[in-house]
There are 2 protein chains.
Amino acid sequence: MKQTYCTNHLRSMADTLELLGGKWKLLIMSLLHSESPMRFSEIERAIGGITPRMLSKELKELEQNELVERRVYPTMPVSVDYRLTDYGRSLDTVLTALGDWGRNHRRRIMQPAVAR
Amino acid sequence: MKQTYCTNHLRSMADTLELLGGKWKLLIMSLLHSESPMRFSEIERAIGGITPRMLSKELKELEQNELVERRVYPTMPVSVDYRLTDYGRSLDTVLTALGDWGRNHRRRIMQPAVAR
DNA sequence: CCGGATCCGAAGCGATACTG
DNA sequence: CAGTATCGCTTCGGATCCGG
């Protein structure tokens with residue numbers, strides 16, 4: 001059954017990567033995870049380097065997968081914000097783990113290789 | 001300091017994604033995490049759908065980032081296997097979290113949306 | 001068996017300009 | 001403010017052939 005376990009494990013992982021893959025999705029999720037809700041332009045500024053086109057596309061996909069909720073307010077001009085859904089918040093463990101590892105890794109690569 | 005925290009957080013995340021991004025790297029890591037060492041062709045078969053070219057490329061990059069160790073045995077013909085390094089094993093939390101979430105997500109998407 | 005080298009198409013991504 | 005539309009590049013990734 002080892003083989004079956006591995007196969008399922010890999011399929012799950014592959015599905016997850018399809019959802020969260022790409023250059024920006026995990027960044028956006030991580031951002032909304034630490035600060036929600038955020039408006040479109042806030043996210044744009046916070047990430048820095050992403051174009052409106054990409055941000056729009058990624059947010060739309062995250063919304064379709066029910067990880068992010070989009071709310072429109074009938075102000076003038078219209079204002080929109082984004083926040084994690086309950087399901088999106090279930091990624092908490094993943095996002096925290098990635099963030100922690102990332103900070104640690106960043107410390108590591110900032111040091112000369114000989115120190116390792 | 002909230003802004004600074006967020007910026008560092010995002011930078012760390014971005015660095016991590018650069019290391020583990022792409023279509024296959026996390027799959028390979030996850031595979032080696034649950035079963036090590038593995039030979040080249042074993043990984044190839046287990047993943048299914050990856051070409052030798054890509055596998056070779058991904059493994060090389062993972063090796064350069066010291067996440068994976070490659071060992072060559074002077075048999076005839078030569079045999080090679082791959083395993084996680086200590087540093088690679090430090091991704092344990094991340095890989096476990098991703099795997100758990102992935103399995104859960106897979107159960108979710110296998111159900112009709114009305115049940116959610 | 002374990003890859004390297006080359007070629008090529010697809011797609012991801014960015015720059016810019018524009019709209020309600 | 002919150003996006004869209006168009007264009008073009010660059011990278012990713014697959015197919016195929018080759019070599020130790």
Side-chain angles (χ1 to χ4, degrees), chain A residues 10 13-32 35-65 67-84, chain B residues 10-11 13-29 31-32 35-65 67-84:
Chain A
L10 286 184
M13 194 67 91
D15 290 344
T16 305
L17 293 183
E18 201 156 333
L19 244 104
L20 298 173
K23 193 174 175 181
W24 304 109
K25 293 215 180 67
L26 273 169
L27 248 46
I28 295 170
M29 290 301 289
S30 142
L31 193 58
L32 290 178
E35 188 181 344
S36 269
M38 290 185 80
R39 304 188 50 176
F40 188 89
S41 47
E42 285 179 326
I43 305 178
E44 190 178 351
R45 269 193 307 275
I47 291 191
I50 191 172
T51 59
R53 165 183 144 79
M54 288 309 296
L55 181 53
S56 169
K57 185 169 146 295
E58 305 286 77
L59 281 171
K60 196 171 296 180
E61 290 172 17
L62 290 173
E63 193 193 353
Q64 279 167 358
N65 288 311
L67 294 173
V68 160
E69 182 193 349
R70 171 194 145 110
R71 290 192 190 171
V72 185
Y73 303 93
T75 53
M76 184 58 178
V78 73
S79 66
V80 183
D81 65 26
Y82 298 86
R83 72 197 66 208
L84 298 190
Chain B
L10 286 183
R11 260 207 291 266
M13 195 66 91
D15 290 345
T16 304
L17 293 182
E18 200 155 337
L19 239 93
L20 298 173
K23 192 173 174 182
W24 304 109
K25 293 214 180 67
L26 272 170
L27 248 46
I28 296 170
M29 291 301 289
L31 193 59
L32 290 178
E35 188 181 345
S36 268
M38 289 183 81
R39 304 191 47 181
F40 188 88
S41 45
E42 284 179 327
I43 305 178
E44 189 179 353
R45 269 193 307 274
I47 292 192
I50 191 173
T51 58
R53 165 184 143 81
M54 289 310 296
L55 182 54
S56 168
K57 186 168 144 295
E58 305 285 79
L59 282 170
K60 193 174 295 175
E61 290 171 17
L62 290 174
E63 193 192 355
Q64 280 167 358
N65 287 311
L67 295 172
V68 160
E69 181 193 352
R70 173 192 145 111
R71 291 191 189 170
V72 185
Y73 304 93
T75 52
M76 186 56 178
V78 72
S79 67
V80 183
D81 66 25
Y82 299 86
R83 70 197 70 208
L84 297 190

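The chains referred to below are lettered A, B, ... by the order of the sequence lines, with proteins before strands, and numbering in each begins at 1.
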Novice: Taking the side chain as every heavy atom from C-beta outward, state whether A:Val68 and A:Leu84 have any atom pair closer than 4.5 Å.
Specialist: yes
Novice: Taking side chain as C-beta onward, heavy atoms only, is A:Met29 less than 4.5 Å from A:Leu62?
Specialist: yes
Novice: Answer whether the closest heavy-atom distance between the side chains of B:Leu31 and B:Met38 falls below 4.5 Å.
Specialist: yes
Novice: Does anything in residues 68-83 of chain B form a side chain to side chain donor-acceptor pair (under 3.5 Å)? List the pairs, not counting sequence neighbours.
Specialist: B:Glu69-B:Arg71, B:Arg70-B:Tyr82, B:Tyr73-B:Asp81, B:Tyr73-B:Arg83, B:Thr75-B:Ser79, B:Asp81-B:Arg83
Novice: When you compare the side chain of B:Ile43 with that of B:Ile50, does any pair of heavy atoms fall below 4.5 Å?
Specialist: no
Novice: Identify the two heavy atoms, one from B:Leu27 and one from A:Ala14, that lie closest to each other, and give their separation to 0.1 Å.
Specialist: CD1-N, 3.8 Å
Novice: Restricting to side chain to side chain donor-acceptor pair (under 3.5 Å), what partner residues turn up for B:Thr16, sequence neighbours left out?
Specialist: none
Novice: Give me the residues of residues 69-79 of chain A where at least one heavy atom lies under 4.0 Å from an atom of DNA chain D, by number, or none.
Specialist: A:Arg70, A:Val78, A:Ser79
Novice: Determine whether A:Leu17 and B:Lys23 make a side-chain contact, defined as any pair of heavy atoms from C-beta on separated by less than 4.5 Å.
Specialist: no
Novice: First locate atom CD of B:Glu18, then atom CG of B:Asn65, and finally report the distance between them rounded to the nearest 0.5 Å.
Specialist: 9.5 Å
Novice: Could you tell me whether the phosphate oxygens of C:dG14, OP1 or OP2, come under 4.0 Å of any side-chain nitrogen or oxygen in A:Lys23?
Specialist: yes
Novice: What residues from residues 50-63 of chain A pass a heavy-atom cutoff of under 4.0 Å to DNA chain D?
Specialist: A:Pro52, A:Arg53, A:Ser56, A:Lys60
Novice: What bend angle does the helix from C:dC1-D:dG20 to C:dG20-D:dC1 show across its length, from five-pair end axes and to the nearest 10 degrees?
Specialist: 50°
Novice: Would you list the pairs meeting salt bridge (charged side-chain N to carboxylate O under 4.0 Å, His left out) in which at least one residue belongs to residues 40-51 of chain B, sequence neighbours left out?
Specialist: none
Novice: Just to verify, what does A:Glu58 make a side-chain contact (heavy atoms from CB on, under 4.5 Å) with, not counting sequence neighbours?
Specialist: A:Trp24, A:Lys25, A:Ile28, A:Met54, A:Glu61
Novice: Using the heavy-atom set of chain A and a strict 4.0 Å cut-off, write down the first and last nucleotide of DNA chain D that makes it in, 5' to 3'.
Specialist: D:dC1 to D:dT6
Novice: So, the side chain of A:Ser36 versus the backbone of A:Leu32: is there a donor-acceptor pair under 3.5 Å, distance only?
Specialist: yes
